[in-house]
Amino acid sequence: MGRLIVVSNRVATPTETKGSAGGLAVGVFGALKDTGGVWFGWSGDVVSETVANAGPTLETDGTVTFATTGLTRKDYDQYYRGFSNATLWPVFHYRNDLARYEREEYAGYRRVNAWLAHKLIKLLEPDDIIWVHDYHLIPFAEALRAEGIRNRIGFFLHIPFPSPQILLNIPPHEELVKSLCCYDLIGFQTENDELAFHDYLRRHARGTVSGDGHAEAFGRELRTGVYRIGVFPDDIAEQSKRYESRQHVLDLKQSLEGRKLIMSVDRLDYSKGLVERFRAFEALLERSPEWRGNVTLVQIAPPTRSDVTTYQDIRQQLEYEAGRINGKYSGLDYTPIRYLNQQYDRWKLMSLFRESQVGFVTPLHDGMNLVAKEYVAAQNPDDPGVLVLSMFAGAAAELEGALIVNPHDSIGMCEALQRALAMPLDERKRRHEIDMQALRKNDLGVWRDSFLRDLRSVPLAAPGSDGSAEKKKQDRRDAAS
Ligand code: GDG
């Protein structure tokens with residue numbers, strides 16, 4: 001079996017793959033270890049042109065090589081801060097109102113993809129399979145193909161794929177989708193995302209899509225599929241239990257003085273619906289006076305992309321809302337919202353989830369939302385908390401035990417909170433068990449292995465082929481005759 005090459009915007013450090021950072025890093029590293037391979041991408045550093053053009057920097061851990069490169073300030077501004085996070089991210093999360101489009105940034109995005117692809121080529125072997133992750137790297141396969149690379153290349157989109165009417169807002173939408181069609185396999189988080197992509201191919205690219213996920217457009221053949229990303233639920237359950245008697249949990253418990261706890265954890269991002277969530281919590285205090293002084297919302301929101309203006313705006317807005325609501329409902333010994341702009345250790349977070357009665361996860365749009373899955377996995381099965389989950393998180397399709405809400409309906413969310421806080425134990429246990437079964441059935445290993453299995457089974461373009469749909473068909477006719 002050929003090696004695996006993983007390409008993502010950011011590369012986990014060897015230490016992060018050992019478990020403390022995030023499940024995804026651990027999951028992807030597991031696949032890399034099985035076959036040996038390379039994890040390639042940006043180091044996270046902004047560096048001088050000389051340093052960027054040297055390298056990549058290589059670090060090995062057994063059979064796995066971590067290959068990273070810095071970006072120049074201009075590349076960072078245009079590729080990362082610009083087109084990736086100020087155009088693609090908002091539009092793919094249905095926030096055209098927050099998106100901007102600058103031609104220079106788009107040109108920088110394509111330039112950096114081509115430059116990264118060129119750097120990777122030196123590390124490639126002929127039977128490697130290449131797995132590219134996320135929206136930063138849509139043109140990556142096209143750039144590799146342009147340099148003659150014929151290996152199997154797959155792409156997984158971690159965020160939603162918007163419906164065509166939304167995607168059309170990005171002026172070079174056609175070029176982007178054409179670039180996507182250079183992958184052999186594209187994985188989406190949900191059926192809705194895959195359908196939206198197919199819809200674009202049919203209606204805007206004169207493409208064809210067959211029932212089994214084969215598609216043809218822009219003269220290329222490709223496959224698409226739905227691969228729901230998961231977690232390793234039993235690891236989370238074990239770690240959250242192990243941490244439950246640590247000092248931070250005892251401190252929290254003591255400070256709550258018997259009040260109920262609602263927990264929310266999100267990167268500070270406008271797609272996560274934090275403002276709407278604060279207002280729903282406010283509605284709870286307003287409409288249910290019995291909860292005033294008796295329930296606390298802990299919102300952990302580590303800042304991200306803080307040099308993008310829209311992220312500065314959402315931060316300000318949240319600080320205002322938290323202050324306003326706390327001003328209205330605090331007492332001398334009670335603060336309704338504890339809003340923490342800090343990063344916490346992963347296992348600490350899981351133990352806080354275990355301690356709470358409600359997990360409040362209400363994104364306006366989210367590819368999957370791993371926090372929802374982690375919340376369920378971290379619960380004590382004998383006394384589980386209730387997950388209140390947005391219908392617009394990919395996870396809502398799987399977690400049938402959750403109370404599903406519309407994040408634009410603050411009264412509806414308030415009612416779900418009321419129901420969750422008062423839910424009897426047997427119903428909580430039943431709902432938790434349903435969700436744990438779903439998490440076990442489709443864990444992170446299933447996601448990873450099914451994507452890689454499908455990618456490995458894609459027929460390779462014949463030697464000397466340009467990989468086009470026409471050539472592939474001719475090859476098949478020749479082989480059959
Ligand atoms: C993208 C898609 C998709 C959060 N705060 C802290 C912390 N976290 C961890 C969570 C979770 C991860 O970060 C966040 O994952 P999400 O899935 O919730 O959201 P995104 O970051 O937007 O991820 C998303 C995902 O990719 C995977 O495909 O589900 O839809 O947007 O694991 O626990 N971890 C630590 N400290 C924190 O303060 N250690």
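For ligands, and for the atoms within them, numbers begin at 1 and follow the listed sequence. Throughout, residue positions are numbered sequentially from 1 according to the sequence presented.
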>> Could you go through Phe161 and Tyr200, starting from their C-alpha distance and side-chain angles, then the distance that decides it, and tell me whether this counts as ring pair (Phe, Tyr, Trp, His ring centres under 6.0 Å)?
In response: CA-CA 10 Å; Phe161 192 87; Tyr200 184 98; 7.3 Å; no
> Is it the side chain, the backbone, both or neither of Leu349 that has a heavy atom closer than 4.0 Å to ligand 1?
Replying inline: side chain
>> Between Tyr339 and Phe278, is the ring centroid distance below 6.0 Å?
In response: yes
>> Could you tell me, atom by atom, which parts of ligand 1 come under 4.0 Å of a heavy atom of Gly367?
In response: 30 (O)
> Counting both backbone and side chain atoms, is some N or O of Met350 under 3.5 Å from an N or O of ligand 1?
Replying inline: no
> With backbone taken as N, CA, C and O and side chain as the heavy atoms from C-beta onward, which portion of Val371 lies under 4.0 Å from ligand 1: side chain, backbone, both, or neither?
Replying inline: both
> Side chain or backbone of Arg267 under 4.0 Å from ligand 1, or both, or neither, by non-hydrogen atoms?
Replying inline: side chain
> Would you call the rings of His365 and Phe392 parallel, tilted or perpendicular, where under 30° means parallel and over 60° means perpendicular?
Replying inline: tilted
>> So that I know where these two stand, are Tyr76 and Trp42 an aromatic pair - ring centroids less than 6.0 Å apart?
In response: yes
> Do any N/O atoms on Pro302 end up under 3.5 angstrom from N/O atoms on ligand 1?
Replying inline: no
> Of all the atoms in ligand 1, which lie at a distance below 4.0 Å from a heavy atom belonging to Val265?
Replying inline: 4 (C), 5 (N)
> Any chance the side chains of Ser255 and Arg338 put a donor and an acceptor closer than 3.5 Å?
Replying inline: yes
> Which of the numbered atoms in ligand 1 are below 4.0 angstrom from a heavy atom of Asp366?
Replying inline: 2 (C), 24 (C), 30 (O), 31 (O)
>> Below a 4.0 angstrom heavy-atom separation, can you tell me which part of Leu370, side chain or backbone, both or neither, approaches ligand 1?
In response: both
>> Suppose we screen for salt bridge (charged side-chain N to carboxylate O under 4.0 Å, His left out). Which residues come up paired with Asp307, at least two apart in sequence or across chains?
In response: none
>> Suppose I only count heavy atoms of Trp89 and a 4.0 Å limit; which atoms of ligand 1 are within that range?
In response: 31 (O)
> Less than 4.0 Å between a side-chain N and a carboxylate O, is that true for Arg315 and Glu319?
Replying inline: yes
> Does NZ or CZ of Arg448 lie under 6.0 Å from the centre of the six-membered ring of Trp131, at an angle within 45° of the ring axis?
Replying inline: no
>> Minimum distance, heavy atoms only, to atom 38 (O) of ligand 1: which one of Tyr227, Tyr375, Tyr344 is it?
In response: Tyr344
> ligand 1 and Asp266, any nitrogen or oxygen pair closer than 3.5 angstrom?
Replying inline: no
> Going by the order shown, which atoms of ligand 1 are within less than 4.0 Å of some heavy atom of His158?
Replying inline: 2 (C), 3 (C), 24 (C), 26 (O), 27 (C), 28 (O), 30 (O)
> At a 4.0 Å threshold, what atoms of ligand 1 neighbour a non-hydrogen atom of Gln189?
Replying inline: 3 (C), 28 (O)
>> Centroid separation under 6.0 Å, is that true for the rings of Tyr109 and His136?
In response: no
>> Under 4.0 Å, counting heavy atoms only: does Lys348 come that close to any atom of ligand 1?
In response: no
>> So, applying ring pair (Phe, Tyr, Trp, His ring centres under 6.0 Å) with Phe188, which one of Phe451, Phe155, Phe156, Phe197 is it?
In response: Phe197
